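Data first, discussion second: the structure below is written as structure tokens.
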Protein chains: 2
Amino acid sequence: MTGSAGAADEQGREDAVATIQRELTAFARRARAAAARMHPELSLVSFTLLAHLEDQGGCRATDLAAYYLLDKSTVSRQVAALERAGHVERRTDPDDHRMQLLHLTEQGEQVLAQAADRRSQAFHARLADWEPAELDRFAAYLTRYNDEADSPA
Amino acid sequence: MTGSAGAADEQGREDAVATIQRELTAFARRARAAAARMHPELSLVSFTLLAHLEDQGGCRATDLAAYYLLDKSTVSRQVAALERAGHVERRTDPDDHRMQLLHLTEQGEQVLAQAADRRSQAFHARLADWEPAELDRFAAYLTRYNDEADSPA
DNA sequence: TTCGATGGATGTACTCTACAACTACTTATT
DNA sequence: AATAAGTAGTTGTAGAGTACATCCATCGAA
């Protein structure tokens, strides 16, 4: 009997993992376009980079690349665009002229705050009728999933 | 006292939603690159389209576009590439010469199966030490999130 | 002082995507 | 039947995001 119970367990696990895979994939597919709808002035990537800058109180391009697993050339161009847009400023490290410390401008903070706000509102709306306990569990599961060793995604 | 309890609840909800937002966003940011690592021969979008074709036993390009919220030109090019790669075949509907029914080729099925397998393995590995009950709840939460009316993301 | 390492920028190229304009075909209206 | 309106799909164009390879400037160590 343990045999068939084990088989049932395995089937349940199989189904659950398949669902998780499908739903996470579906979410990922829509994320960019959704960000564009929510805050057209700040792409998902830009938003993410600015958020990290705010979070860290400034950092180097290399740090952004490492944190987000992006190529340094990608970050370089993103940062250049953000600077052009007036959202970030670069300050060359006086002790090491190779590095530039990036930090948000006043305007960058405002734009970020506004985008973060719209983004947050959208998530709140989406989760409006969830119980607090459910939200906590969902948050914990997502965190746990993302923290598992590297990376189906 | 209900006042401060309510405030605490609100704070908890705020935190949980912020975490959900952060973790889902982080996942979305990595999904494409992760797919490329898992199955370089089939991009995330290609994989998704093929999977839907398999699922539906064939459908039209327009159906794919509607289902995945993609522009028809995007789908048209994707399908063209998949056809060039020998993964799908088109058959013009004899009753309505505007439409083409798309279906997987033998080879398309194989490639899809292989990619799905690697993908699935990666998710299983990532979720290996989760309890069955946890998997079920996580799957249910994700499904519920994605099914909520339209769409932070 | 010279050489390897590090931070960053640039050249190039590819994918994904959208919008607009177009063709071919079908259905509805007159 | 003729014409208008709608639908399926393709193509021109353009822009974002990304990576890899290469290059430059600077730093630290042999």
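What you see is a predicted model, and the numbers here were worked out from it, not measured in a lab. A, B, ... follow the sequence lines: proteins, then strands. Residue 1 opens every chain.
Within the 3.5 Å criterion, the main-chain N or O of B:Leu44 finds a donor-acceptor partner in the side chain of B:Thr48.
Residues of residues 57-68 of chain A that place a heavy atom closer than 4.0 Å to DNA chain D do not occur. Within residues 86-93 of chain B, the residues approaching DNA chain D are B:Arg90, by heavy-atom distance under 4.0 Å.
In terms of position on DNA chain D, the residue among A:Leu70 and A:Asp95 whose nearest nucleotide sits closer to the 5' end is A:Leu70.
The residue B:Asp71 sits close to a base: some heavy atom pair falls under 4.0 Å.
B:Tyr145 carries A:Arg126 over the face of its six-membered ring, with the cationic atom under 6.0 Å from the centre and within 45° of the normal.
Evaluation of atom-type donor-acceptor distances gives no pair under 3.5 Å for the side chain of B:Arg32 against the base of C:dT17. A donor N or O paired with an acceptor N or O is found under 3.5 Å between the base of D:dG12 and the side-chain atoms of B:Arg77.
In the helix from C:dT1-D:dA30 to C:dT30-D:dA1, the rotation axis of the first five pairs and that of the last five pairs differ in direction by 0°, rounded to 10 degrees.
No hydrogens or angles considered: nothing links the side chains of B:Tyr68 and A:Arg29 as a donor-acceptor pair under 3.5 Å.
Enclosure of atom OH in B:Tyr67 is not indicated, since only 12 or fewer non-hydrogen atoms of other residues, nucleotides or ligands lie within 6.0 angstrom.
Contact annotation: A:Ser76 side-chain N/O to C:dA9 OP1/OP2 distance is under 4.0 Å.
Ranking C:dT17, C:dT26, D:dG17 by closeness to the A:Val45 side chain, first place goes to D:dG17. Nearest to the side chain of A:Ser73, among D:dA19, C:dT17, C:dC25, sits D:dA19.
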